[in-house]
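Below is one structure; the comments refer to it alone.
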Amino acid sequence: MKILHWIIATTFMLLIGCGGSSENGSGTDTQNDSSMSIAELGELLFFDKNLSLTRNQSCASCHDPENAFIDPRDNGVNGAVSLGDDGVSLGDRNAPTAAYAQLIPAFDLNGGDPTGGQFHDGRASTLADQAAGPPTNAIEMGMPNNASTVDRILENSDYVVTFQDLFGMDIFDDVDLAYSAMAESIAAFEMTDTFAPFDSKYDRSRSGYGGDDPYTMTAEESLGETLFFSAQFTNCHTCHQLKTLPGRAEELFSNHKYFNIGIPVNETVRAANGLGTTHIDHGLLENPAISNNAHEGKFKVPTLRNIGVTGPYMHNGIFSNLQTVVLFYDKFNNLSRTLNPETGLAWSDPETPHTVATTELEEGPALDDDEVDAIVAFLHTLTDKRYE
(Lines give C-alpha, C1' and ligand atoms only; values in the text may rest on other atoms or scores of the structure.)
Protein backbone atom coordinates (compact mmCIF):
# COMPACT_ATOMS: atom_id res chain seq x y z
CA MET A 1 0.00 0.00 0.00
CA LYS A 2 2.78 2.43 0.86
CA ILE A 3 4.47 1.75 -2.48
CA LEU A 4 1.22 2.45 -4.33
CA HIS A 5 0.76 5.67 -2.39
CA TRP A 6 4.32 6.76 -3.26
CA ILE A 7 3.78 6.03 -6.95
CA ILE A 8 0.53 8.00 -7.06
CA ALA A 9 1.95 10.90 -5.08
CA THR A 10 5.11 11.01 -7.20
CA THR A 11 3.14 10.92 -10.44
CA PHE A 12 0.91 13.69 -9.14
CA MET A 13 3.86 15.91 -8.22
CA LEU A 14 5.57 15.31 -11.54
CA LEU A 15 2.42 16.23 -13.43
CA ILE A 16 1.69 19.45 -11.56
CA GLY A 17 5.28 20.47 -10.88
CA CYS A 18 7.07 20.69 -7.56
CA GLY A 19 6.46 24.40 -7.11
CA GLY A 20 3.18 23.86 -5.29
CA SER A 21 0.59 21.14 -4.88
CA SER A 22 -3.14 21.65 -5.33
CA GLU A 23 -3.55 18.82 -2.82
CA ASN A 24 -2.12 21.12 -0.18
CA GLY A 25 -4.68 23.76 -0.98
CA SER A 26 -2.12 26.40 -1.95
CA GLY A 27 -3.50 27.24 -5.37
CA THR A 28 0.09 27.80 -6.51
CA ASP A 29 0.63 27.85 -10.27
CA THR A 30 2.41 24.82 -11.65
CA GLN A 31 4.60 23.98 -14.60
CA ASN A 32 2.31 23.38 -17.57
CA ASP A 33 2.55 20.43 -19.91
CA SER A 34 0.45 21.27 -22.94
CA SER A 35 0.72 17.66 -24.13
CA MET A 36 -1.26 16.43 -21.13
CA SER A 37 -4.11 14.07 -21.97
CA ILE A 38 -7.66 14.47 -20.71
CA ALA A 39 -7.15 11.46 -18.43
CA GLU A 40 -3.97 13.00 -16.96
CA LEU A 41 -5.83 16.23 -16.31
CA GLY A 42 -8.58 14.16 -14.72
CA GLU A 43 -6.07 12.55 -12.40
CA LEU A 44 -4.97 15.97 -11.14
CA LEU A 45 -8.57 17.03 -10.61
CA PHE A 46 -9.38 13.72 -8.87
CA PHE A 47 -6.78 14.48 -6.18
CA ASP A 48 -7.31 18.26 -5.99
CA LYS A 49 -8.70 19.40 -2.64
CA ASN A 50 -9.02 22.96 -3.95
CA LEU A 51 -12.25 21.88 -5.62
CA SER A 52 -13.98 21.67 -2.24
CA LEU A 53 -15.26 24.62 -0.22
CA THR A 54 -12.66 24.58 2.56
CA ARG A 55 -9.98 23.00 0.36
CA ASN A 56 -10.20 19.96 2.58
CA GLN A 57 -11.55 17.21 0.36
CA SER A 58 -11.04 15.71 -3.09
CA CYS A 59 -12.63 12.87 -5.04
CA ALA A 60 -9.90 10.66 -3.61
CA SER A 61 -11.05 11.39 -0.05
CA CYS A 62 -14.05 9.11 -0.58
CA HIS A 63 -12.52 6.99 -3.35
CA ASP A 64 -8.98 6.35 -2.13
CA PRO A 65 -6.80 4.45 -4.64
CA GLU A 66 -4.89 2.81 -1.78
CA ASN A 67 -8.14 1.37 -0.46
CA ALA A 68 -9.83 -0.02 -3.57
CA PHE A 69 -11.37 3.39 -4.29
CA ILE A 70 -13.62 3.54 -1.23
CA ASP A 71 -13.62 5.87 1.78
CA PRO A 72 -11.20 4.35 4.32
CA ARG A 73 -12.03 6.85 7.08
CA ASP A 74 -14.01 5.88 10.16
CA ASN A 75 -15.95 9.16 10.17
CA GLY A 76 -17.37 8.34 13.60
CA VAL A 77 -19.73 5.74 12.11
CA ASN A 78 -17.42 2.77 11.56
CA GLY A 79 -16.85 3.90 7.98
CA ALA A 80 -20.48 3.34 7.01
CA VAL A 81 -20.90 6.75 5.33
CA SER A 82 -18.64 9.62 4.38
CA LEU A 83 -17.81 12.89 6.08
CA GLY A 84 -18.22 16.08 4.09
CA ASP A 85 -15.71 18.84 3.41
CA ASP A 86 -17.05 20.84 6.36
CA GLY A 87 -15.89 18.14 8.77
CA VAL A 88 -19.41 17.82 10.19
CA SER A 89 -21.88 16.66 7.54
CA LEU A 90 -22.45 12.94 7.13
CA GLY A 91 -24.11 11.22 4.20
CA ASP A 92 -26.73 8.51 4.45
CA ARG A 93 -25.27 6.01 2.00
CA ASN A 94 -21.97 4.18 1.82
CA ALA A 95 -19.56 5.48 -0.83
CA PRO A 96 -19.41 2.76 -3.51
CA THR A 97 -16.08 1.80 -4.99
CA ALA A 98 -15.08 3.71 -8.11
CA ALA A 99 -13.17 0.64 -9.29
CA TYR A 100 -14.74 -0.98 -12.37
CA ALA A 101 -17.40 1.78 -12.46
CA GLN A 102 -16.29 2.51 -16.03
CA LEU A 103 -17.94 -0.75 -17.10
CA ILE A 104 -21.37 0.01 -15.64
CA PRO A 105 -23.71 0.78 -18.55
CA ALA A 106 -25.53 4.09 -18.76
CA PHE A 107 -28.82 4.26 -16.90
CA ASP A 108 -31.67 2.74 -18.90
CA LEU A 109 -35.33 2.46 -17.95
CA ASN A 110 -35.26 -0.88 -19.80
CA GLY A 111 -39.02 -1.16 -20.23
CA GLY A 112 -39.72 -0.69 -16.54
CA ASP A 113 -36.87 -2.86 -15.26
CA PRO A 114 -34.13 -0.21 -14.81
CA THR A 115 -30.48 -1.05 -15.27
CA GLY A 116 -27.13 0.70 -15.01
CA GLY A 117 -26.19 4.20 -14.01
CA GLN A 118 -23.92 5.54 -11.29
CA PHE A 119 -24.62 6.03 -7.57
CA HIS A 120 -26.74 3.51 -5.69
CA ASP A 121 -29.91 4.75 -7.39
CA GLY A 122 -28.56 5.34 -10.91
CA ARG A 123 -29.47 9.02 -10.84
CA ALA A 124 -26.22 9.82 -12.67
CA SER A 125 -26.36 8.04 -15.99
CA THR A 126 -22.65 8.06 -16.84
CA LEU A 127 -19.27 8.42 -15.14
CA ALA A 128 -19.08 12.07 -16.21
CA ASP A 129 -22.54 12.69 -14.75
CA GLN A 130 -21.37 11.14 -11.49
CA ALA A 131 -18.16 13.16 -11.39
CA ALA A 132 -20.19 16.34 -11.73
CA GLY A 133 -22.17 15.64 -8.56
CA PRO A 134 -19.89 15.74 -5.47
CA PRO A 135 -18.21 19.17 -5.94
CA THR A 136 -21.52 21.04 -5.59
CA ASN A 137 -23.18 18.65 -3.16
CA ALA A 138 -23.70 20.54 0.10
CA ILE A 139 -22.75 17.60 2.32
CA GLU A 140 -19.87 16.40 0.17
CA MET A 141 -17.38 18.88 -1.32
CA GLY A 142 -19.68 21.80 -0.57
CA MET A 143 -19.05 24.25 -3.42
CA PRO A 144 -22.03 26.62 -3.84
CA ASN A 145 -22.43 26.16 -7.59
CA ASN A 146 -20.70 25.39 -10.88
CA ALA A 147 -19.32 28.91 -11.19
CA SER A 148 -17.54 28.82 -7.84
CA THR A 149 -15.96 25.49 -8.76
CA VAL A 150 -14.76 26.84 -12.10
CA ASP A 151 -13.33 29.85 -10.24
CA ARG A 152 -11.13 27.41 -8.29
CA ILE A 153 -9.88 25.96 -11.57
CA LEU A 154 -9.14 29.46 -12.83
CA GLU A 155 -6.93 30.10 -9.79
CA ASN A 156 -4.34 27.82 -11.33
CA SER A 157 -2.99 29.28 -14.57
CA ASP A 158 -1.66 25.92 -15.69
CA TYR A 159 -5.09 24.38 -15.34
CA VAL A 160 -6.33 27.24 -17.51
CA VAL A 161 -3.78 26.58 -20.24
CA THR A 162 -4.42 22.84 -20.14
CA PHE A 163 -8.21 23.23 -20.29
CA GLN A 164 -7.84 25.59 -23.24
CA ASP A 165 -5.43 23.21 -24.96
CA LEU A 166 -7.77 20.25 -24.52
CA PHE A 167 -11.20 21.84 -24.86
CA GLY A 168 -10.65 25.05 -26.83
CA MET A 169 -9.58 28.60 -26.08
CA ASP A 170 -13.15 29.68 -25.29
CA ILE A 171 -13.87 26.87 -22.79
CA PHE A 172 -14.12 29.31 -19.88
CA ASP A 173 -16.57 31.59 -21.71
CA ASP A 174 -19.35 29.25 -20.60
CA VAL A 175 -19.23 28.21 -16.94
CA ASP A 176 -21.35 25.11 -17.46
CA LEU A 177 -19.21 23.93 -20.36
CA ALA A 178 -16.08 24.39 -18.26
CA TYR A 179 -17.68 22.49 -15.38
CA SER A 180 -18.65 19.68 -17.76
CA ALA A 181 -15.08 19.58 -19.08
CA MET A 182 -13.89 19.08 -15.50
CA ALA A 183 -16.31 16.18 -15.02
CA GLU A 184 -15.37 14.64 -18.39
CA SER A 185 -11.71 14.78 -17.44
CA ILE A 186 -12.28 13.04 -14.12
CA ALA A 187 -14.35 10.41 -15.90
CA ALA A 188 -11.53 9.89 -18.41
CA PHE A 189 -9.15 9.17 -15.54
CA GLU A 190 -11.67 6.73 -14.04
CA MET A 191 -11.75 4.91 -17.36
CA THR A 192 -8.05 4.05 -17.26
CA ASP A 193 -6.73 0.58 -16.42
CA THR A 194 -5.82 1.86 -12.95
CA PHE A 195 -9.47 1.41 -12.01
CA ALA A 196 -10.05 -1.95 -13.74
CA PRO A 197 -6.93 -4.15 -13.90
CA PHE A 198 -8.73 -7.53 -13.87
CA ASP A 199 -5.75 -9.18 -12.16
CA SER A 200 -7.31 -10.82 -9.10
CA LYS A 201 -6.69 -14.43 -8.11
CA TYR A 202 -10.00 -15.23 -9.78
CA ASP A 203 -8.82 -13.69 -13.05
CA ARG A 204 -5.41 -15.34 -12.81
CA SER A 205 -7.08 -18.71 -12.29
CA ARG A 206 -8.88 -18.46 -15.63
CA SER A 207 -7.31 -20.56 -18.35
CA GLY A 208 -5.07 -18.36 -20.46
CA TYR A 209 -5.41 -15.30 -18.22
CA GLY A 210 -2.74 -15.93 -15.59
CA GLY A 211 0.16 -14.48 -17.56
CA ASP A 212 3.38 -14.72 -15.59
CA ASP A 213 1.52 -15.20 -12.31
CA PRO A 214 -1.20 -17.85 -12.71
CA TYR A 215 -3.21 -18.84 -9.67
CA THR A 216 -4.72 -22.16 -8.63
CA MET A 217 -7.77 -21.96 -6.41
CA THR A 218 -7.59 -23.70 -3.05
CA ALA A 219 -10.10 -26.45 -2.40
CA GLU A 220 -12.19 -24.09 -0.26
CA GLU A 221 -12.08 -21.29 -2.84
CA SER A 222 -12.97 -23.73 -5.60
CA LEU A 223 -15.94 -25.00 -3.61
CA GLY A 224 -17.04 -21.42 -3.03
CA GLU A 225 -16.81 -20.68 -6.74
CA THR A 226 -18.93 -23.74 -7.55
CA LEU A 227 -21.53 -22.75 -4.98
CA PHE A 228 -21.54 -19.13 -6.12
CA PHE A 229 -22.22 -19.87 -9.77
CA SER A 230 -24.48 -22.88 -9.25
CA ALA A 231 -28.22 -22.40 -9.73
CA GLN A 232 -28.68 -25.61 -7.74
CA PHE A 233 -26.89 -24.57 -4.55
CA THR A 234 -27.24 -20.78 -4.19
CA ASN A 235 -29.00 -17.78 -5.69
CA CYS A 236 -25.85 -15.61 -5.92
CA HIS A 237 -25.77 -15.88 -9.71
CA THR A 238 -29.25 -14.33 -9.97
CA CYS A 239 -27.86 -10.83 -9.42
CA HIS A 240 -24.09 -11.19 -9.46
CA GLN A 241 -23.40 -12.91 -12.77
CA LEU A 242 -23.32 -11.04 -16.06
CA LYS A 243 -21.44 -13.43 -18.33
CA THR A 244 -21.99 -17.13 -18.99
CA LEU A 245 -19.52 -19.94 -19.43
CA PRO A 246 -17.08 -20.26 -21.07
CA GLY A 247 -16.61 -16.49 -21.27
CA ARG A 248 -16.55 -15.60 -17.59
CA ALA A 249 -13.19 -13.87 -17.75
CA GLU A 250 -13.52 -10.21 -16.77
CA GLU A 251 -16.85 -10.94 -15.08
CA LEU A 252 -18.17 -7.83 -13.32
CA PHE A 253 -20.23 -9.81 -10.80
CA SER A 254 -23.28 -7.59 -11.26
CA ASN A 255 -26.20 -7.63 -13.67
CA HIS A 256 -26.57 -3.87 -13.00
CA LYS A 257 -30.24 -4.28 -12.03
CA TYR A 258 -32.07 -2.97 -8.96
CA PHE A 259 -33.48 -4.93 -6.05
CA ASN A 260 -34.74 -4.44 -2.51
CA ILE A 261 -33.03 -7.16 -0.48
CA GLY A 262 -34.50 -6.12 2.86
CA ILE A 263 -31.67 -4.12 4.38
CA PRO A 264 -32.63 -2.53 7.70
CA VAL A 265 -32.00 1.05 8.79
CA ASN A 266 -28.47 1.79 9.97
CA GLU A 267 -29.46 3.39 13.26
CA THR A 268 -25.91 4.45 14.09
CA VAL A 269 -25.71 6.48 10.90
CA ARG A 270 -29.16 7.99 11.30
CA ALA A 271 -28.35 9.09 14.85
CA ALA A 272 -25.09 10.67 13.68
CA ASN A 273 -26.34 12.46 10.55
CA GLY A 274 -29.47 13.82 12.22
CA LEU A 275 -32.00 12.23 9.88
CA GLY A 276 -33.36 9.94 12.59
CA THR A 277 -34.81 6.45 12.23
CA THR A 278 -38.14 7.73 10.90
CA HIS A 279 -36.45 8.94 7.71
CA ILE A 280 -36.82 6.55 4.79
CA ASP A 281 -34.28 6.07 2.03
CA HIS A 282 -36.53 5.44 -0.96
CA GLY A 283 -33.69 4.01 -3.05
CA LEU A 284 -34.37 3.89 -6.77
CA LEU A 285 -37.50 5.98 -6.26
CA GLU A 286 -35.20 8.93 -5.48
CA ASN A 287 -33.92 8.79 -9.06
CA PRO A 288 -35.74 11.62 -10.90
CA ALA A 289 -36.41 9.28 -13.83
CA ILE A 290 -38.40 6.87 -11.64
CA SER A 291 -41.94 7.41 -10.39
CA ASN A 292 -43.32 3.89 -10.01
CA ASN A 293 -43.72 3.13 -6.30
CA ALA A 294 -42.93 -0.52 -7.01
CA HIS A 295 -39.27 0.55 -7.17
CA GLU A 296 -39.16 2.00 -3.66
CA GLY A 297 -36.26 0.71 -1.59
CA LYS A 298 -34.44 -0.85 -4.54
CA PHE A 299 -30.70 -0.31 -4.96
CA LYS A 300 -28.33 -1.19 -7.77
CA VAL A 301 -26.56 -4.53 -7.57
CA PRO A 302 -22.92 -3.62 -6.88
CA THR A 303 -19.89 -5.22 -8.41
CA LEU A 304 -18.25 -7.81 -6.17
CA ARG A 305 -14.80 -6.87 -7.46
CA ASN A 306 -12.63 -6.10 -4.39
CA ILE A 307 -15.55 -6.99 -2.10
CA GLY A 308 -13.13 -8.51 0.40
CA VAL A 309 -11.49 -5.12 1.04
CA THR A 310 -14.36 -2.66 0.53
CA GLY A 311 -16.40 -3.04 3.70
CA PRO A 312 -18.54 -1.99 5.42
CA TYR A 313 -21.25 -3.45 3.26
CA MET A 314 -24.68 -2.71 1.79
CA HIS A 315 -25.88 0.68 0.58
CA ASN A 316 -25.87 2.06 4.13
CA GLY A 317 -22.77 0.29 5.44
CA ILE A 318 -24.74 -1.62 8.04
CA PHE A 319 -22.63 -4.82 8.01
CA SER A 320 -18.94 -4.78 8.89
CA ASN A 321 -17.99 -8.32 7.91
CA LEU A 322 -18.31 -10.13 4.60
CA GLN A 323 -19.39 -13.31 6.37
CA THR A 324 -22.32 -11.40 7.87
CA VAL A 325 -23.43 -10.45 4.37
CA VAL A 326 -23.51 -14.10 3.27
CA LEU A 327 -25.34 -15.12 6.44
CA PHE A 328 -27.87 -12.34 5.86
CA TYR A 329 -28.69 -13.76 2.44
CA ASP A 330 -28.80 -17.30 3.82
CA LYS A 331 -31.39 -16.36 6.46
CA PHE A 332 -34.05 -16.19 3.74
CA ASN A 333 -33.67 -19.95 3.22
CA ASN A 334 -32.23 -21.12 6.53
CA LEU A 335 -34.45 -21.02 9.60
CA SER A 336 -31.41 -21.47 11.86
CA ARG A 337 -29.97 -18.07 10.84
CA THR A 338 -32.00 -16.04 13.31
CA LEU A 339 -29.29 -13.78 14.77
CA ASN A 340 -27.08 -11.08 13.31
CA PRO A 341 -23.60 -12.23 14.42
CA GLU A 342 -22.41 -8.63 14.69
CA THR A 343 -25.06 -7.65 17.23
CA GLY A 344 -26.09 -10.96 18.75
CA LEU A 345 -29.68 -9.85 18.20
CA ALA A 346 -32.39 -10.89 15.78
CA TRP A 347 -32.06 -9.48 12.28
CA SER A 348 -33.76 -6.09 12.10
CA ASP A 349 -36.76 -5.50 9.85
CA PRO A 350 -36.31 -4.11 6.33
CA GLU A 351 -36.48 -0.34 5.92
CA THR A 352 -39.02 -0.74 3.10
CA PRO A 353 -40.62 -4.17 3.59
CA HIS A 354 -43.32 -4.01 0.90
CA THR A 355 -40.96 -4.28 -2.08
CA VAL A 356 -38.48 -6.90 -0.83
CA ALA A 357 -37.47 -9.30 -3.62
CA THR A 358 -38.60 -12.44 -1.81
CA THR A 359 -38.88 -14.46 -5.02
CA GLU A 360 -35.22 -13.99 -5.87
CA LEU A 361 -33.98 -14.14 -2.27
CA GLU A 362 -35.76 -17.39 -1.46
CA GLU A 363 -34.27 -19.32 -4.36
CA GLY A 364 -31.89 -22.10 -3.35
CA PRO A 365 -31.39 -24.32 -0.31
CA ALA A 366 -29.94 -23.43 3.08
CA LEU A 367 -26.15 -23.29 3.48
CA ASP A 368 -24.13 -24.95 6.21
CA ASP A 369 -21.26 -23.14 7.93
CA ASP A 370 -18.57 -24.72 5.74
CA GLU A 371 -20.40 -23.60 2.61
CA VAL A 372 -20.70 -20.07 3.96
CA ASP A 373 -16.96 -20.04 4.67
CA ALA A 374 -16.24 -21.35 1.17
CA ILE A 375 -18.28 -18.61 -0.49
CA VAL A 376 -16.50 -15.98 1.61
CA ALA A 377 -13.14 -17.50 0.62
CA PHE A 378 -14.12 -17.33 -3.05
CA LEU A 379 -15.23 -13.71 -2.72
CA HIS A 380 -11.77 -12.85 -1.40
CA THR A 381 -10.29 -14.13 -4.65
CA LEU A 382 -11.98 -11.19 -6.42
CA THR A 383 -9.51 -8.74 -4.85
CA ASP A 384 -7.23 -6.90 -7.29
CA LYS A 385 -3.62 -8.04 -7.02
CA ARG A 386 -2.35 -4.78 -5.50
CA TYR A 387 -4.73 -5.15 -2.55
CA GLU A 388 -4.11 -8.85 -1.87
Pairs in or reaching into residues 123-148: which pass ring pair (Phe, Tyr, Trp, His ring centres under 6.0 Å), with residues at least two apart or in two chains?
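Matches after skipping sequence neighbours: none remain.
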Tell me the ring pair (Phe, Tyr, Trp, His ring centres under 6.0 Å) pairs involving residues 261-312, sequence neighbours left out?
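Passing the test, one end in residues 261-312: F299-H315.
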Which distance, rounded to the nearest 0.5 Å, do you find between the [atom1] of [X] and the [atom2] of [Y]?
| X | Y | atom1 | atom2 | result |
| --- | --- | --- | --- | --- |
| T277 | I280 | OG1 | CD1 | 10.5 Å |
| L41 | T162 | CG | OG1 | 6.0 Å |
| L127 | Q102 | CG | CD | 7.5 Å |
| L304 | L322 | CG | CG | 8.5 Å |
| I104 | L252 | CD1 | CG | 8.0 Å |
| L45 | S58 | CG | OG | 10.5 Å |

Could you name each residue pair satisfying salt bridge (Lys or Arg N to Asp or Glu O under 4.0 Å) that touches [range], not counting sequence neighbours?
| range | value |
| --- | --- |
| residues 233-242 | none |
| residues 85-106 | D92-R270, R93-D121, R93-D281, R93-E286 |
| residues 315-329 | none |
| residues 333-342 | D330-R337, R337-D369 |

N/O donor-acceptor pair under 3.5 Å between [X] side chain and [Y] backbone:
| X | Y | result |
| --- | --- | --- |
| N67 | I70 | no |
| T383 | N306 | no |
| E351 | V265 | no |
| D384 | S200 | no |
| H120 | N94 | yes |
| R386 | E66 | no |
| N334 | S336 | yes |
| K300 | G122 | no |
| N235 | L361 | yes |
| Y313 | T324 | no |

Would you name the heavy atoms of [X] and [Y] that are closest together and state the gap between them?
| X | Y | answer |
| --- | --- | --- |
| Y258 | G116 | OH-O, 2.5 Å |
| G262 | N260 | N-OD1, 2.9 Å |
| Q57 | L83 | OE1-O, 3.1 Å |
| S254 | H256 | OG-N, 2.9 Å |
| A80 | G317 | CB-O, 3.6 Å |
| A68 | V309 | CB-CG2, 3.9 Å |

Would you be so kind as to tabulate the donor-acceptor pairs closer than 3.5 Å made by side chains of residues 129-144, with sequence neighbours excluded?
from: D129; atom 1: OD2; to: S125; atom 2: N; distance (Å): 3.4
from: D129; atom 1: OD2; to: T126; atom 2: N; distance (Å): 3.1
from: D129; atom 1: OD2; to: T126; atom 2: OG1; distance (Å): 3.1
from: N137; atom 1: OD1; to: I139; atom 2: N; distance (Å): 3.0
from: N137; atom 1: ND2; to: E140; atom 2: OE2; distance (Å): 3.1

Does CD in E267 sit with more than 12 non-hydrogen atoms of other residues, nucleotides or ligands closer than 6.0 Å?
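No, not enclosed.
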Which donor-acceptor pairs under 3.5 Å do side chains of residues 180-198 form with protein atoms, sequence neighbours excluded?
from: S180; atom 1: OG; to: D176; atom 2: O; distance (Å): 3.0
from: S185; atom 1: OG; to: A181; atom 2: O; distance (Å): 2.8
from: T192; atom 1: OG1; to: F189; atom 2: O; distance (Å): 2.7

Do [X] and [Y] come within less than 4.5 Å of each other through their side chains, counting heavy atoms only?
| X | Y | result |
| --- | --- | --- |
| K385 | K201 | no |
| K257 | C239 | no |
| N340 | L345 | no |
| E251 | K243 | yes |
| L327 | P341 | yes |
| L90 | V269 | no |
| V325 | M314 | yes |
| P114 | F107 | yes |

Electrostatic pair R305-E250, nearest N-O below 4.0 angstrom
no
Tell me yes or no: between the side chains of Y159 and D48, is some donor less than 3.5 Å from an acceptor?
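Yes - a donor-acceptor pair under 3.5 Å links their side chains.
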Flag for R152-N50: side-chain donor and acceptor within less than 3.5 Å
no
Residues 370-381 side chain polar contacts: donor-acceptor under 3.5 Å, at least two apart:
from: E371; atom 1: OE1; to: D368; atom 2: N; distance (Å): 2.9
from: D373; atom 1: OD1; to: Q323; atom 2: NE2; distance (Å): 2.9
from: T381; atom 1: OG1; to: F378; atom 2: O; distance (Å): 2.5

Any cation-pi pair here, R206 with Y202, using under 6.0 Å and within 45°?
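Yes, R206 sits over the ring of Y202.
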Checking F69 against D64 for the side-chain contact (heavy atoms from CB on, under 4.5 Å) test, could you report, in this order, the C-alpha distance in whole Å, the side-chain angles of both residues, the deciding distance, and whether it holds?
CA-CA 4 Å; F69 296 99; D64 182 359; over 6 Å; no
Just to verify, what does F332 make a ring-ring contact (aromatic ring centres under 6.0 Å, His included) with, not counting sequence neighbours?
F328
Who are the ring-ring contact (aromatic ring centres under 6.0 Å, His included) partners of F167, not counting sequence neighbours?
F163
Could you give me the CA-CA distance, side-chain angles and deciding distance for N145 and S148, then say whether side-chain hydrogen bond (donor to acceptor under 3.5 Å, both in side chains) is met?
CA-CA 6 Å; N145 47 47; S148 60; 3.2 Å; yes
Within one Ile-Leu-Val-Met-Phe-Trp-Tyr cluster: I290 and I261, side-chain cutoff 4.5 Å:
no
side-chain contact (heavy atoms from CB on, under 4.5 Å) for F259 and E360? Distances and angles first, verdict last.
CA-CA 9 Å; F259 295 92; E360 291 83 0; 3.9 Å; yes
Can you list the residues that meet the side-chain hydrogen bond (donor to acceptor under 3.5 Å, both in side chains) rule with Y215, with sequence neighbours excluded?
E221
Residue pair D71, S82: steps toward the side-chain hydrogen bond (donor to acceptor under 3.5 Å, both in side chains) verdict:
CA-CA 7 Å; D71 187 345; S82 294; 2.7 Å; yes
